[in-house]
Amino acid sequence: MTIEEFRLPDVGEGVAEGELVSWLVAPGDRVEEDQPVAEVETDKALVEVPSSYDGVVEELFVEEGDIVPVGDVIISFRVGEEDGTPADAGADGAEPTDAGADDAEPTDAGADGAEPTDAGADDADPTDSAPAADGSDEPGSPSGRTFAPPSVRRLARELGVDLAAVDGSGPGGRIAERDVREHADSGSPADDGDGEDAAIGPKPVDIGSGDRTSAVSRRDSAAGTDATTASGSGASPERAGRDRTLATPATRKLASDLGVDLDDVPTDETREGEAFVAAEHVQAYAEASARPDAEAAPPAGEAEPGVETEPTPADPATDAPTSTATTASIDADADDGTADGSGATIPYRGVRRTIGKRMAQSKFTAPHVTHHDTAEVDALVSARERLKPRAAEEETKLTYLPFVMKAVLAGLREYPILNSELREEAEEILLKGEYHFGVAVATDSGLMVPVVEDVDEKGLFELAAEVSDLASRARDRSLAPAELRGSTFTLTNFGAVGGEYATPIINYPETAVLGLGAIEKRPVVRESEDGAEVVPASTLPLSLSIDHRVVDGAVAAEFANVVMDHLEEPLLLLNE
Amino acid sequence: MVVGDISTGTEVLVIGAGPGGYVAAIRAAQRGLDTTLVEKDAYGGACLNRGCIPSKALITASGLAHEAGTAEEMGIHADPAVDLARMIEWKEEVVDRLTGGVEKLCKANGVNLVEGTARFADDHTVRVAHGGDGQGSESIEFEHAIVATGSRPVEIPGFSFADEHVWNAADALDADAVPDRLVVVGGGYIGMELATVYAKLGAEVTVVEMLEDVLDPYEDDVKRVVRKRAEELGIAFSFGEGATGWSEGGDGGYLVHTETEAGEESTYPADRVLVAVGREPVTGGLDLENAGVETDDRGFIETDDRTRSAVEHVHAVGDVAGEPMLAHVASTEGIVAAETIAGEPAALDQRAIPAAVFTDPEIGTVGMTEADAEDAGFDVAVGEMPFRASGRALTTGHSDGFVRIVADADEGFVLGAQIVGPEASELIAEVGLAIELGATLEDVAATVHTHPTLSEAVMEAAENAQGQAIHTLNR
Ligand SMILES: Cc1cc2nc3c(=O)[nH]c(=O)nc-3n(C[C@H](O)[C@H](O)[C@H](O)COP(=O)(O)OP(=O)(O)OC[C@H]3O[C@@H](n4cnc5c(N)ncnc54)[C@H](O)[C@@H]3O)c2cc1C
């Protein structure tokens with residue numbers, strides 16, 4: 001009987017760490033190979049981590065909520081009787097052993113004659129005591145007695161190599177570029193063994209992809225019993241496995257960010273006779289390796305770079321009262337502060353960080369202008385009142401959103417420039433001509449924007465049903481990535497929570513986003529024969545943000561007028 | 001129709017166009033980042049306008065005048081007349097060329113230049129107030145900021161830079177006449193450099209210093225060479241005294257009052273008093289707290305080895321990020337900041353930062369002293385070469401001083417050097433390269449150096465450390 005440690009496997013797409021959201025097993029539980037043992041959230045998705053052993057859970061090493069780097073031991077199993085050992089123990093078992101050898105590196109270096117072993121070595125940083133005007137604040141340097149020129153030190157940082165652990169081949173142990181490269185090649189676990197383990201190791205299951213465990217688990221077990229079949233089946237792209245690869249620093253950085261070994265990335269390009277890898281190759285390779293479903297994996301090199309599989313947020317505005325849930329979960333996360341929350345820190349990661357990145361990209365790329373106006377919607381209110389029971393008969397809850405979608409459709413038909421995408425590199429603006437609307441939905445973990453396709457081909461009730469289905473599945477995170485992609489225009493209904501106007505952020509690279517305030521009775525001025533009077537009327541405040549690079553404010557206003565026309569006179573919607 | 005307001009956005013915002021800021025801005029732009037550089041005063045910062053460059057211009061000019069007038073030994077008899085106004089004008093011409101060059105370089109690299117004073121509105125926005133009436137202000141949103149606002153001279157109680165006869169270094173570099181009597185408060189490198197300038201221009205100079213010697217951070221034998229030469233130039237020293245204030249002197253001049261720790265008071269007659277007691281970071285007025293960035297109790301922004309402050313997307317470089325306050329440190333940090341923002345693996349991992357003092361003779365140091373190396377646990381090998389044994393030094397008429405090289409005795413790795421003597425500021429570069437490359441004493445000694453040059457002294461010192469120097473007795 002042996003104890004097997006199990007490390008957090010590479011959860012794909014270059015993710016270096018994940019939050020262990022919940023344990024699905026407890027010590028003493030019996031688990032079977034491929035049975036999910038934990039849920040881990042990365043910045044891309046929530047994934048289940050399957051066990052690669054048959055056995056009994058011995059110990060959990062990580063608490064729920066901890067951030068775990070890929071490769072850390074998270075759980076151990078008591079693996080009993082001979083036939084209980086997993087078929088692929090050879091492959092999986094190799095991983096912990098490799099890492100162990102890795103740990104041993106510094107010891108090797110210590111034994112090397114070139115490295116002084118006296119206790120003073122730690123504070124032997126030459127720059128610390130430099131006699132410059134005030135030696136105190138000199139920038140730091142690698143520990144005192146590794147002698148390597150600046151170019152080599154930079155390379156070491158790039159490759160993530162600790163110079164103190166490198167055996168220098170120069171006089172007195174001076175470290176050359178070659179030493180660092182050799183160390184990196186021999187030291188990195190990804191390169192160890194037969195080069196297949198990463199491909200056949202336990203793959204996490206992307207809960208968000210909709211096809212849940214089945215396909216992946218099957219592939220895993222197949223891979224476990226027969227490595228050759230697995231790699232031949234196209235489950236993962238072929239590794240090129242070169243010794244040397246040329247790439248620009250930016251590409252190297254991308255590769256290390258994505259956890260990709262450049263030597264494995266297939267390429268036809270060469271520079272001075274050496275294989276040359278560009279950023280697109282790395283991106284394509286990383287995506288192909290991470291794709292959980294074999295059929296979905298395109299041949300490396302053809303995958304479209306930059307395809308987003310994560311939810312595409314549009315705006316922190318919300319669609320439904322669930323925004324309170326968001327706040328609640330933040331409070332729960334703010335763990336190391338005082339009772340009143342002062343001094344607490346909230347982790348910035350996962351969906352939150354993805355939202356942040358996308359918001360920043362949009363706001364910093366597209367110069368936003370927000371146009372505000374108000375539609376008087378008494379007619380719309382009564383139209384919905386009349387239709388609501390009809391919708392209820394079809395078990396559909398009719399909100400105002402489908403009406404607005406149709407009104408926007410009318411506007412976009414007249415002003416197609418707002419349904420476009422600026423392709424700066426190509427120096428062109430693409431008019432989409434299709435009407436796929438993103439609808440911002442607040443969820444516990446942040447904003448998601450599922451997409452209602454072909455709004456022009458659907459009726460009001462159909463739209464209502466689809467929006468409510470997408471929203472509820474966004475909240476329990478069971479949307480497929482495809483359902484979060486491809487919108488051409490986005491709507492955000494912050495008014496459901498309250499408020500009149502906002503400045504919504506464009507769901508980049510779209511050109512416009514429309515924010516809806518709350519429909520309420522507000523004072524409006526009506527002209528009549530005997531002068532003007534102020535009367536209460538239902539009004540809908542509109543906030544339209546546009547990318548000013550693509551379209552000017554006047555066009556935005558004209559578009560808004562068309563939308564308002566259709567909202568004020570809903571019969572016009574019959575045209576759409 | 002209501003149209004929302006547009007504020008400018010930039011990927012990298014750099015505040016301050018000194019050697020930290022303009023270098024960062026150019027490198028960021030070279031990396032394809034959309035970069036905006038805000039400067040409230042003059043391109044080139046303290047270094048080009050009020051520091052390194054103007055001081056070196058006057059050091060050279062005053063040195064030339066002095067040299068020409070004291071070369072009887074070589075058979076030269078001259079009594080140079082100094083036109084200070086023209087000397088200052090020449091210095092301005094040099095400065096203008098350089099600052100104009102900085103501006104052109106920035107533009108040519110695609111840096112957006114904005115004139116005005118920046119302050120943080122929040123962690124992604126600054127407001128820039130433009131100089132002059134009614135010039136207004138604008139908001140700039142940024143993804144990353146690099147604070148490079150530099151430092152200013154410290155004022156001490158009793159002396160206000162607003163008084164005409166109280167100078168800071170910038171005033172001393174812009175004087176309209178050579179004062180008959182100059183009291184210099186502070187014997188650090190700036191005080192010593194300017195004391196030397198004015199002594200060579202004919203002023204009667206007294207240096208008042210609180211400590212017991214000049215140039216505090218340097219080793220005793222290094223200081224001694226500089227102090228002795230200063231005394232030969234007629235500079236008087238009063239150590240262990242702090243300046244407390246001034247009063248009117250009877251003769252139309254002033255009296256500078258000093259006090260020892262024990263309370264003994266003295267006065268020194270002066271026509272001008274130069275206060276050079278140190279520099280403090282320019283962080284007040286930046287509203288750093290709006291960005292969540294804190295300063296230490298001296299006002300410096302603390303940064304990591306990639307120049308990031310505690311707020312990761314706000315970097316700080318140069319004098320504002322702490323000691324050592326040197327232009328080349330500012331530029332090095334500027335490059336690391338820009339490359340870090342560009343996602344490159346840059347870091348401040350230099351083993352040795354050189355420093356130079358442009359006194360007569362000059363001082364150049366890099367890396368460890370003998371004591372530093374011993375404290376660090378090395379078995380130390382030290383070699384020296386006095387310039388008096390250098391043929392080239394003798395032919396320049398300047399043979400004070402020495403080269404000292406410090407190395408690890410076991411493997412011979414060069415760890416540091418202290419040079420005091422002619423062109424020390426230039427000679428130190430070779431040792432800096434040796435340290436960074438991990439060269440050994442043997443590497444330096446076996447590299448052929450041109451004869452006759454001052455640089456041979458570096459080679460000789462390395463040989464001396466190995467006990468095999470030819471031109472000196474080996475110790
Ligand atoms: C007399 C003298 C001699 C010197 N000699 C040497 C030498 O020989 N060698 C050496 O290495 N160093 C020398 N120095 C030091 C050197 O000048 C500084 O280390 C160097 O200038 C620091 O560069 P920096 O970019 O950090 O800041 P600075 O050069 O001080 O530049 C900061 C810039 O920021 C601007 N600024 C400040 N606040 C704002 C704001 N809110 N908005 C917009 N702009 C702002 C300022 O106007 C200034 O232009 C000397 C200094 C002096 C005074």
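Given the structure is predicted, the values throughout are model-derived calculations rather than measurements. Labels below follow one simple rule: chain letters A, B, ... track the order of the sequence lines, proteins then strands, and each chain is numbered from 1.
- Proximity to chain A is limited to the side chain of B:Asp443, based on heavy atoms less than 4.5 angstrom apart.
- Interface remark: A:Ala148 contributes backbone atoms only to the contact with chain B (heavy atom separation under 4.5 Å).
- Counted by atom type alone, A:Thr374 and A:Thr539 present zero donor-acceptor pairs between their side chains at under 3.5 Å.
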Apply side-chain hydrogen bond (donor to acceptor under 3.5 Å, both in side chains) to the pair B:Thr365 and B:Gln418, showing each step before the final yes or no.
CA-CA 5 Å; B:Thr365 56; B:Gln418 300 79 45; over 6 Å; no
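- Proximity to chain A (any heavy atom under 4.5 Å) is shown, for B:Phe300, by neither the backbone nor the side chain.
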Could you pull out every donor-acceptor pair under 3.5 Å between side chains of residues 553-562 of chain A and any protein atom, sequence neighbours left out?
residue	atom	partner	partner atom	Å
A:Glu558	OE1	A:Tyr415	OH	3.4
A:Asn561	ND2	A:Ala557	O	3.4

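- Contacts of B:Glu339 with chain A are made by side-chain atoms alone, with heavy-atom separations under 4.5 Å and no backbone atom involved.
- Scanning for side chain to side chain contact (heavy atoms under 4.5 Å, CB included) contacts around A:Gln361 gives A:Arg358, A:Thr365, A:Tyr508, with sequence neighbours left out.
- Judged purely by distance below 3.5 Å, without hydrogens or angles, the side chains of A:Ser169 and A:Asp179 pair a donor atom with an acceptor atom.
- Neither the backbone nor the side chain of B:Ala371 comes within less than 4.5 Å of any heavy atom in chain A.
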